[in-house]
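Okay, so here's the structure we're looking at.
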Amino acid sequence: MRKVSVTVETAARTAPAAVIVGIDGPSGTGKSSTSKAVAAKLGLRYLDTGAQYRAITWWMLSNGIDVRDTAAVAEAAAKPGIVSGTDPSAPTIAVDGADAAGPIRTPEVTAAVSAVSAVPEVRARLTELQRAIAAEAPRGIVVEGRDIGTTVLPDADLKIFLTASEAARAARRSGELGGKSASDLAATQAALAKRDAADSGRKASPLAKAADAVEVDTTELTLEQVIECVVTLIEDKQQGT
Ligand SMILES: Nc1ncnc2c1ncn2[C@@H]1O[C@H](COP(=O)(O)OP(=O)(O)O)[C@@H](O)[C@H]1O
Ligand SMILES: Nc1ccn([C@H]2C[C@H](O)[C@@H](COP(=O)(O)OP(=O)(O)O)O2)c(=O)n1
């Protein structure tokens with residue numbers, strides 16, 4: 001009996017502690033690309049909480065719920081089954097057992113997601129799910145979103161807040177959407193600004209930098225430089241420097 005307990009204690013002492021990293025910021029600052037790459041490099045899990053808000057929004061639209069009707073959204077918030085796969089090299093999102101990776105990126109979902117994410121019942125449900133996923137990650141996890149440092153994981157080992165100029169963010173998003181003309185760029189920039197204002201202005205856990213987050217302005221940095229910067233911050237934390 002005694003021998004077993006000594007073995008367990010030794011294992012607990014030598015196993016590396018799981019590291020929990022929260023990455024927040026507005027749209028187009030590089031959260032998804034950075035989080036995935038950093039998690040893959042360090043052998044951590046990866047969670048895209050924006051995909052979960054998009055998934056619940058897609059379910060509401062598919063089920064004829066008026067996303068401007070806060071009471072109807074609140075009442076339905078618990079209904080869809082949302083499952084996130086957290087392998088950073090192949091993250092997945094499923095709604096009621098069906099792959100939702102494609103449908104959650106449509107312009108209809110993008111236009112409706114801020115309204116659905118402002119509903120406290122939706123946030124409470126997803127926050128609980130996000131905390132459970134983070135608690136189960138064996139070596140740790142990189143969780144990206146808008147309220148990870150302030151609300152979902154206030155005790156995270158490291159909090160990063162990514163920023164970039166509105167012009168840089170719009171150029172990145174517009175490029176991704178295949179926009180070529182100046183009017184495509186202007187439309188993307190206007191849509192981004194509108195979504196950021198809604199996400200920052202809502203009452204329930206708005207987009208905000210946690211007081212103890214490290215802010216990284218990515219405007220003049222390449223994606224590789226941002227990844228390197230975040231990897232270094234995590235390694236420094238793990239080494240206690
Ligand atoms: N530092 C960077 N420089 C140039 N392009 C970037 C940078 N970071 C991300 N991108 C590109 O910008 C787009 C949006 O990045 P993404 O990671 O999806 O941002 P977010 O998750 O914050 O919305 C992607 O096409 C990505 O490859
Ligand atoms: N933790 C989070 C993550 C996303 N959201 C909401 C607000 C965002 O506009 C939408 C979509 O998030 P997503 O990260 O997919 O946004 P991007 O288009 O990548 O910028 O979800 C949120 O309210 N809280």
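In this text, all values refer to a predicted model and were calculated from it rather than measured experimentally. Just follow the structure's listing: the first ligand is 1, and inside any ligand the first atom is 1.
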We want to know whether [X] and [Y] form a side-chain donor-acceptor pair, criterion being a heavy-atom distance below 3.5 angstrom.
X	Y	answer
Arg146	Ser200	no
Asp199	Ser114	yes
Arg123	Ser205	yes
Gln52	Ser84	yes
Asp147	Thr150	no
Ser27	Arg173	yes

Classify the contact between [X] and ligand 1 as side chain, backbone, both or neither, using a heavy-atom distance cut-off of under 4.0 Å.
X	answer
Thr34	neither
Glu176	side chain
Leu221	backbone
Pro26	backbone
Gln225	neither

Which residue holds the protein heavy atom closest to [atom], what is that atom called, and what is the gap in Å?
atom	answer
atom 26 (C) of ligand 1	Ser33 OG, 3.5 Å
atom 18 (O) of ligand 1	Arg173 NH2, 2.9 Å
atom 12 (O) of ligand 1	Arg172 CB, 3.2 Å
atom 21 (O) of ligand 1	Ser32 N, 2.9 Å
atom 19 (O) of ligand 1	Gly30 N, 3.2 Å

Does Gly28 have a non-hydrogen atom less than 4.0 Å from ligand 1?
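Yes, that is the case, since the closest heavy atom of the residue is under 4.0 Å from the ligand.
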
As a test of reading the model: which N/O atoms of the protein lie under 3.5 Å from N/O atoms of ligand 2, and at what distance?
residue, atom, partner, partner atom, Å
ligand 2, 1 (N), Thr49, OG1, 3.0
ligand 2, 1 (N), Arg146, N, 3.1
ligand 2, 1 (N), Asp147, OD1, 2.8
ligand 2, 9 (O), Arg195, NH1, 2.8
ligand 2, 9 (O), Asp199, OD2, 2.6
ligand 2, 14 (O), Arg146, NH1, 3.1
ligand 2, 15 (O), Arg54, NE, 2.7
ligand 2, 16 (O), Arg146, NH2, 3.1
ligand 2, 16 (O), Arg195, NH1, 3.3
ligand 2, 18 (O), Arg54, NH2, 2.8
ligand 2, 18 (O), Arg173, NH1, 3.2
ligand 2, 18 (O), Arg195, NH1, 3.4
ligand 2, 18 (O), Arg195, NH2, 2.9
ligand 2, 20 (O), Ser27, OG, 2.4
ligand 2, 20 (O), Arg146, NH2, 3.1
ligand 2, 20 (O), Arg173, NH1, 3.3
ligand 2, 23 (O), Arg123, NH1, 2.8
ligand 2, 23 (O), Arg123, NH2, 3.4
ligand 2, 23 (O), Arg202, NH1, 2.9
ligand 2, 23 (O), Arg202, NH2, 3.1
ligand 2, 24 (N), Arg123, NH2, 3.0

Between atom CD1 of Ile56 and atom CG of Leu61, what is the distance when rounded to the nearest 0.5 Å?
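The distance works out to 12.0 Å.
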
Is it true that Ile133 and Ile104 fall in one hydrophobic cluster, defined by side-chain heavy atoms closer than 4.5 Å?
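Yes, same cluster.
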
Among Leu192, Val226, Ile23, Leu223, closest by any non-hydrogen atom to atom 8 (N) of ligand 1:
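Nearest heavy atom to atom 8 (N) of ligand 1 lies in Leu223.
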
Val67 and its side-chain contact (heavy atoms from CB on, under 4.5 Å) partner, picked from Val116, Val113, Val109:
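Going through the options one by one, the only one that passes is Val116.
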
Charged N-O contact under 4.0 Å between [X] and [Y]:
X	Y	value
Asp87	Arg45	no
Asp196	Arg169	yes
Lys209	Asp217	no

Could you list which atoms of ligand 1 come closer than 4.0 Å to a heavy atom of Lys31?
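Those of ligand 1 that fall under 4.0 Å from Lys31 are 17 (O), 19 (O), 20 (P), 21 (O), 22 (O), 23 (O).
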
